Amino acid sequence: MAKKRAIGAVAALALGILFATGGAQAADTVRVSSKLDAESGLLGTMILQVLEANGIPTENKVQLGPTKIVRSALLAGEIDIYPEYTGNGAFFFNIDSDPAWKNARAGYEKVRQLDQEKNNIVWLKPAPANNTWAIALRRDVASPNKLSTMEDFARWVKDGGKAKIAASAEFVESPAALPSFQSTYGFTLKPEQILVLAGGDTAATIRAAAEGTSGVNTAMVYGTDGAIAALDLAVMQDTKGAQMVYEPAPTVRAAVLEKNPKIREVLDPVFASLDTETLRSLNAKISVEGQDPKQVATTYLKSKGFLK
Amino acid sequence: MAAPRPTILHNRVALLLAAAVAAAALTLPFLSFAPNRLLSGRGIPLAGALAGVVDAPWGWAALLPGAVILAVPFLRPSRAVSAVYSAAGVLFAAGLVWLAGAHAAHLAATSAPAARTSFGAGFWVMEAAALLAAMDGVRRLGLPPAWRIAVGGATAALVAAQLAAGHLDQLSILKEYANQRDVFAAAVLRHGLLVAGALVPTLLIGVPLGVLANRSFHVRRLVFPVLNVIQTIPSIALFGLLMAPLSALAGALPGLGISGVGPVPAVIALTFYSLLPIVRNTVEGLDGVPPAVREAARGMGMTRRQVFLKVEVPLALPVFLSGLRITLVQAVGLAAVAALIGAGGLGAIMFQGLFANALDLVLLGAVPVILLAVAVDAALKLAVSLAVSLTGRRAA
């Protein structure tokens with residue numbers, strides 16, 4: 001019996017040591033997190049730096065894991081704030097057929113209300129930057145054919161334009177992605193015009209288009225991808241709103257916001273300043289030039305006067 | 001110790017390595033130079049890298065040991081040749097790294113800051129051949145395994161010196177490191193803690209379970225099928241499966257610090273995977289104790305407890321340590337996947353690289369994992385050989 005107790009004590013001690021390193025937290029620090037991708041990391045870092053600069057003590061949990069992990073950590077109260085995309089509300093609340101998601105304002109209002117009522121999570125002001133799925137062409141194809149909107153692109157494809165797109169399997173198959181573009185704008189890409197890349201990352205699809213891999217001249221992109229301009233691609237405007245709107249906004253636990261009402265006050269102007277072009281150029285500094293995200297965040301925040 | 005040396009066979013090994021070095025040097029790109037982090041690079045052959053190093057006119061000397069590796073298959077084997085071969089392997093491995101660093105610095109001085117220089121296929125093939133040559137030399141000298149660790153350590157020290165001197169700073173993987181500097185040491189530490197955190201419960205559960213299974217046929221028949229099935233569950237699935245029950249538990253007992261994400265489910269999943277090799281090798285080690293030895297010990301008047309502690313444990317130790325080696329190496333690798341459930345560690349760096357399509361960032365996470373696994377493997381192999389020599393003496 002005594003032996004068993006000793007073993008239990010050793011196990012408890014070992015686990016204690018492990019979690020003392022990871023789980024230690026003062027009661028008043030705001031635990032700032034983000035997903036793994038570069039843009040999320042940048043936005044998380046900005047939140048962290050702005051809160052720190054305004055005298056709100058923080059704990060850095062940036063780039064914690066994929067969406068599912070970070071979202072459940074917020075719901076479980078293991079983190080306090082992280083940037084999330086408005087359109088993801090469609091999947092959090094399982095109502096992806098609702099037309100509200102295709103409108104920036106309506107989508108934000110919907111997710112704000114639902115999350116407040118059901119989970120006591122507050123959505124702060126979103127950045128006016130839509131990180132949704134889009135189609136981009138090599139500029140040396142888009143310019144001569146005068147293609148700038150999805151309507152132009154559809155007309156060009158119907159007239160026999162030789163588009164070949166690199167995309168993820170999800171983009172090709174998910175009804176909300178390419179099929180939605182095709183039905184909204186009335187065009188069809190033949191199977192031989194689609195190159196499915198297994199990994200399905202936009203960094204890979206953009207690279208394929210930029211380097212013309214296997215004759216690819218069109219790429220699946222996200223609206224705020226940094227590589228688009230750097231690698232000389234032109235994004236086709238989604239004039240008819242075929243895609244859901246994904247604007248990044250800080251999501252914060254209501255209890256934490258109540259304790260630190262200043263969070264809203266200091267983050268709202270920062271996110272309001274991040275339009276699509278700004279976010280693209282900041283993302284490019286990280287993903288294309290390989291600059292340190294912390295440095296990129298600091299430089300931007302200082303240039304806008306959010307940091308001294 | 002020294003076995004008779006089969007001259008033709010060892011020549012074949014050296015010949016294969018020499019052929020690999022020659023082919024890689026002539027046909028594969030030594031480095032890859034890209035205008036930025038995202039685009040694919042253009043290959044730079046070894047000759048090009050050499051010609052580019054204008055700052056150090058004797059830069060070609062870094063490759064001299066490579067000539068030894070090319071020449072050895074045609075030399076008459078002797079202890080001296082083997083010793084020189086081993087030393088040449090170490091120096092060539094370090095020299096290749098030096099050359100890569102020097103050329104990267106040369107390119108950085110003349111190109112945009114976003115440009116990236118990475119190791120090419122030729123570098124990796126020659127580096128691997130150099131290390132194999134170093135190990136082959138040690139083997140042919142008939143030296144004990146500790147020497148292999150020494151040779152590996154010498155290579156690591158030569159590379160570490162270049163790292164410390166900042167000579168490699170312009171290589172892409174170090175540019176990635178510069179961005180991760182704040183979190184890198186913590187990630188390595190967290191990785192080690194995940195493995196250590198899994199090791200404690202594994203030993204506390206696995207060893208008693210192994211002893212029981214050795215004593216009782218029924219326990220054995222129950223334990224192994226269960227552990228075998230656990231081993232076949234894909235790791236991501238197991239990490240994911242643990243999230244739901246642990247989150248529920250965390251909700252029910254909020255004071256315990258348990259949660260569905262982070263290190264707790266990671267340690268639990270790693271423990272599940274670690275149990276099989278530990279239990280299996282504990283059982284096999286104890287099974288391997290000859291019944292005659294056990295009976296002789298009883299005959300000498302030892303109690304059951306004394307037989308277990310003084311006879312069975314020492315004789316089973318080498319097999320047990322082999323199981324521990326498998327467990328630890330496996331856990332070091334599996335802990336990388338734990339990043340997907342927010343447990344941190346080097347896997348977090350690897351996954352960031354995968355998401356950003358930045359292969360050098362993936363390497364920055366993967367290389368320490370490999371080094372950690374190799375170090376653990378070497379240390380436990382050494383422990384096994386020590387245990388064998390100790391128990392061998394005792395048995396005699």
Side-chain angles (χ1 to χ4, degrees), chain A residues 7-8 10-11 13-24 33 35-41 60-66 68-70 72-73 75-79 199 201-207 210-211 213 226-227 230-231 283-296, chain B residues 35-40 112-116 172 175-176 178-183 186 189-190 193-194 196-201 203-205 208 239-240 243-244 247 250-251 254 257-264 267 338-344 348-349 351-352 354-358 360-361:
Chain A
I7 288 174
V10 170
L13 186 72
L15 286 177
I17 291 169
L18 182 71
F19 300 121
T21 58
S33 186
K35 309 182 199 185
L36 286 170
D37 61 287
E39 178 172 292
S40 293
N60 186 353
K61 295 211 163 208
V62 166
Q63 296 192 310
L64 179 72
K68 203 175 167 218
I69 295 294
V70 185
S72 44
L75 294 181
E78 285 152 21
I79 57 171
D201 189 306
T202 57
T205 60
I206 291 174
R207 179 149 94 172
E211 297 181 348
T213 315
L231 270 54
N283 284 336
K285 289 196 168 93
I286 298 166
S287 66
V288 181
E289 294 172 31
Q291 289 186 28
D292 183 356
K294 293 179 285 294
Q295 209 55 54
V296 172
Chain B
N36 59 50
R37 190 178 180 227
L38 202 55
L39 286 175
S40 315
R116 292 299 186 104
S172 185
K175 288 194 171 177
E176 296 294 350
N179 288 351
Q180 304 284 337
R181 193 178 298 149
D182 296 349
V183 295
L189 181 68
R190 167 59 74 88
L193 279 174
L194 286 175
L199 186 63
V200 175
L203 290 178
L204 288 177
I205 301 166
F239 286 129
M243 268 174 63
S247 292
I258 295 176
S259 67
V261 296
V264 179
V267 164
L340 283 180
I341 49 163
I349 294 176
F351 282 111
Q352 271 180 47
L354 282 174
F355 280 107
N357 216 34
D360 288 296
L361 188 53

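Letters go in sequence order (proteins before strands), and every chain restarts at 1. What you see is a predicted model; the values in this text were computed from it and never measured.
- Using a 4.5 Å cut-off between heavy atoms, B/Arg181 does not touch chain A at all.
- Atom CG of B/Asn36 is separated from atom CD of A/Glu289 by 8.0 Å, given to the nearest 0.5 angstrom.
- Here A/Gln63 is the residue among A/Lys68, A/Gln291, A/Lys285, A/Gln63 with the most heavy-atom pairs under 4.5 Å with chain B.
- A/Ala210 touches chain B through its side chain: at least one heavy atom from C-beta onward sits under 4.5 Å away, while N, CA, C and O do not.
- Contact of B/Ala358 with chain A is not made at all, since no heavy-atom distance falls under 4.5 Å.
- Considering every non-hydrogen atom in both B/Ala348 and A/Leu36, the closest pair reads O-CD2, 4.5 Å.
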Stepwise side chain to side chain contact (heavy atoms under 4.5 Å, CB included) check, B/Arg37 with B/Leu361: CA-CA 10 Å; B/Arg37 190 178 180 227; B/Leu361 188 53; 3.6 Å; yes

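- Checking side-chain atoms of A/Glu211 against main-chain N and O of B/Ser40 turns up a donor-acceptor pair under 3.5 Å.
- Your options are A/Ala76, A/Ser287, A/Ala38, and the one with the most heavy-atom pairs under 4.5 Å with chain B is A/Ser287.
- Listed by chain and number, the residues in a side-chain hydrogen bond (donor to acceptor under 3.5 Å, both in side chains) with A/Gln295 amount to none (sequence neighbours excluded).
- With a 4.5 Å cut-off on non-hydrogen atoms, B/Ser172 does not touch chain A at all.
- With sequence neighbours left out, the side-chain hydrogen bond (donor to acceptor under 3.5 Å, both in side chains) criterion links A/Lys294 to A/Asp292.
- With chain B as the partner, the residue from A/Leu64, A/Ile206, A/Val70 showing the most heavy-atom pairs under 4.5 Å is A/Leu64.
- In this structure, chain A has a heavy atom under 4.5 Å from the side chain of B/Asp182, while its backbone stays farther away.
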